[in-house]
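Working notes, beginning with the structure itself.
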Number of protein chains: 2
Amino acid sequence: MVEAGRRKAVENHRGRPPSMADVAALAGVSAQTVSRVVNGSRNVDPETQDRVERAMRMINYQPNSAARALATGRNKMIGIISFDLEAYGNARALQAIVARAQSHDYSVDVVTVKHSNEGDIAKAFQRLRRQNVDGIIVNQAQVLDSFLSLPTGVPVVVVDGDIEHRYRGVQTDHAAGSAIAVRHLLDLGHETVWHLAGPNLSIPARRRAEAWLAALNDADRPVPQVLYGDWTAASGYEVGREMARIPEMTAVFAANDQMALGLMRALHEAGRSVPGDVSIVGFDNIPESGYFLPPLTTIDQDFEAIGRESVELLMAQLAGTDTPEARGVTTITPRIVVRSSTTRRARPPSDASPRGSAPRS
Amino acid sequence: MVEAGRRKAVENHRGRPPSMADVAALAGVSAQTVSRVVNGSRNVDPETQDRVERAMRMINYQPNSAARALATGRNKMIGIISFDLEAYGNARALQAIVARAQSHDYSVDVVTVKHSNEGDIAKAFQRLRRQNVDGIIVNQAQVLDSFLSLPTGVPVVVVDGDIEHRYRGVQTDHAAGSAIAVRHLLDLGHETVWHLAGPNLSIPARRRAEAWLAALNDADRPVPQVLYGDWTAASGYEVGREMARIPEMTAVFAANDQMALGLMRALHEAGRSVPGDVSIVGFDNIPESGYFLPPLTTIDQDFEAIGRESVELLMAQLAGTDTPEARGVTTITPRIVVRSSTTRRARPPSDASPRGSAPRS
DNA sequence: CCGTGTCGTGTTAGCGCAAACATGGCTGCG
DNA sequence: CGCAGCCATGTTTGCGCTAACACGACACGG
């Protein structure tokens, strides 16, 4: 009986969910008036509005978004193309974007892409276009911008993508973050700073590596060879075992916290203490990094800001308040979080002892 | 000119994307025949099919999913309700679900819920219903099952939810995993095992705590007081500072890896070595856990299986091949990954002499 | 040679909604 | 007092697609 009542509330006599026509019949008005109430049109008599709203509640009416989309051409839905969600940064950015979109009453169609080759990304775009999304946010595109010339027909915002393309973008200021990290280590008296980089395909990884190089050049320091990981702790550990054999290495800037963790373990196993012998700075400020041994000094990215800005940029384009000529990129500035993995260099470079018999193999 | 050509390919003369009618006109057939080609109907002359396909490619036709949804009542879209994506397990499960749904050519509408109170979840359901999703997967519902009696009108699959409800479910066998963890520690000679639990609101947390208790009772061991964290490393650290003051504590089962990390740091600061003085087992096997100091013994969850099973269960219901009476829950068995954070108890409870003064780091 | 299928295709109608236009009652102002 | 203008509401139409049915051509068996 209760069950029957519940069914009744969800389906009308035609065995389908209630439509505007059902509401209209119940409230004694036309379907158009129901539509006006649903969409908050101003020109509705308060009493009529009340009657319609009561009728909607009575049969538990929900607007049909497909019909609305068909009639208006808009869907109140944005698409997100995202890569590996196991990566903390990607998941965080996705979370922030979804939350922000919801606050605008937009739904989110998420497409994940395993490999960031052009074919897979083109397929992702096509899938989203079929779903009639109103706009697309590409989260952390790890490829060059060639795919971005695909005709999508909808506004696109790119997060941490290549700056040279024709779409709106949002990005963390990787260069500023890297510069702060390098500066921090140099200020602690280290002769130079080594770099454990992310995969060269990744645009953020390249930006961080370039900024590290620039910061060393600015300070007129020797530039050690770059070593590459793939963002994982495992790769940090592998590369770290090689790095541990370099005696003159006293400071490392790792391109993310996971690789820093792997590096720390490798150094620990090699008997080199952090920060006693080697100071380390990470990037991302993952929630665990404050509890590593030792707690990691790192660069904090503001993912909330990335979500906020990317959605707002898309909304502005949807509303037409964003001029097409404004191809700018919104930049989010990161900040350093100093913990215990960095310290003043034990043997200062100024005195008689050999100073940094520079790079190596 | 190129630009104009591109526009032409995306829009027809009416300033809208090309429709079936446009394809039909170009191919010299009716719209219905185009529909048949698009949907792979068998009763189409190969030559006609070829002509239609060529026409579609020529004007870059994409079916309009809103119109299809309106006409058929199906949307090729499933909804996912997910909680905090910063939590590794949630992000992993989401990733797996999305990937699996895509392989069925279903799109995914993701709704995130900040607080798992009934109101917010009801809103999430409503939002998905408005978007006309064909089915819903609730990822890691952290509440009791009262909300699950909401009339949704579509099939629902619950991941790690309460087993007592009327929907299909998929879950990791938290009980089995916890039992393995406790058994592992007892087998190493520990008198009993302490438990650092997740928040009591969480169903997986409660299951793990209950299974820990049952395992101790089965082995007829004393049951220490449960201590609660909130899944974060920070909470593990806070609780850990208290735990470090309990001298008789030699083994801890932490309900996830992050809390285990915080606990390890607290013990380290208190001068108690892991695993020398205290052995620790975590849960989840996050990618970083193999690089903690020491590498963490933990219970590995098969998130791929969770994604696979939950989507398949939903697809079966959509296809009608799942009988409504079959209200069972698919269970995924986890496995232990033994690393260095656990070792044989240094001072065995029975004899006098210390046997095997455990290795360190 | 005519019924009965089957196959390829066309025609019609309607899914639920909102844009555009129509209508009729009322207000306000010269 | 009469007409312009506005307000609340109704009517018509079509968004793009597919279910259901219609239709002609041809095949085959009795």
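To find a chain, count down the sequence lines: A is the first, B the second, and so on, and within it residues start at 1. As a basis for the values below, the full set of heavy atoms in this structure was taken, side chains included, without hydrogen atoms, waters or symmetry mates.
- Rounded to an integer number of Å, the gap from CG of A:N75 to P of C:dC17 is 14 Å.
- The phosphate of D:dT18 has OP1 or OP2 within less than 4.0 Å of a side-chain N or O from B:S35.
- Residue B:T48 is the one, among A:A31 and B:T48, whose nearest nucleotide of DNA chain C lies closer to the 5' end (criterion: closest heavy atom).
- Contacts of A:V29 with the nucleic acid, taken as non-hydrogen atoms under 4.0 Å apart, involve only primed sugar atoms and P, OP1 or OP2.
- Comparing A:N43 and A:Q32, the nucleotide of DNA chain D nearest to each residue sits closer to the 5' end for A:N43.
- If you measure from atom NZ of A:K76 to atom C1' of C:dC17, you get 15 Å, rounded to the nearest angstrom.
- DNA chain C is contacted by both B:Q49 and A:P63; B:Q49 maps to the nucleotide lying nearer its 5′ end (nearest heavy atom per residue).
- Partner of B:V108 under the side-chain contact (heavy atoms from CB on, under 4.5 Å) criterion, out of B:V98, B:V133, B:I137: B:V98 alone.
- Applying the 4.0 Å criterion to OP1 and OP2 of C:dT9, one finds that B:T33 has every side-chain N and O outside that range.
- Atom CG of A:L70 is separated from atom C1' of D:dT18 by 12 Å (rounded to the nearest Å).
- A:M20 places its CE atom 19 Å from the P atom of D:dC15, with the value rounded to the nearest Å.
- Heavy-atom minimum distance, A:G135 versus A:L314: C-CD2, 4.0 Å.
- Atom-to-atom, CZ of A:R16 to P of C:dC15 comes out at 7 Å; the value is rounded to the nearest Å.
- The two residues A:A31 and A:A24 come nearest to each other via the heavy atoms N-CB, 3.6 Å.
- Contact check, B:S30 against C:dT11: no side-chain N or O comes under 4.0 Å of OP1 or OP2.
- Distance, A:D45 CG to D:dT9 P: 5 Å, rounded to whole Å.
- Between the CG atom of A:N64 and the P atom of C:dC15 there is a distance of 12 Å, rounded to whole Å.
- Side-chain nitrogen and oxygen atoms of A:R74 include none within less than 4.0 Å of the OP1 or OP2 phosphate oxygen of C:dA18.
- A side-chain donor from one of A:N39 and A:R68 sits under 3.5 Å from a side-chain acceptor of the other.
- Regarding B:N39, its CG atom lies at a distance of 10 Å from the P atom of D:dC17, rounded to whole Å.
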From CA spacing to verdict: side chain to side chain contact (heavy atoms under 4.5 Å, CB included), B:K76, B:H104: CA-CA 9 Å; B:K76 284 278 217 177; B:H104 283 272; over 6 Å; no
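- Contact annotation: side chain of A:R36 to base of D:dG10, donor-acceptor pair present below 3.5 Å.
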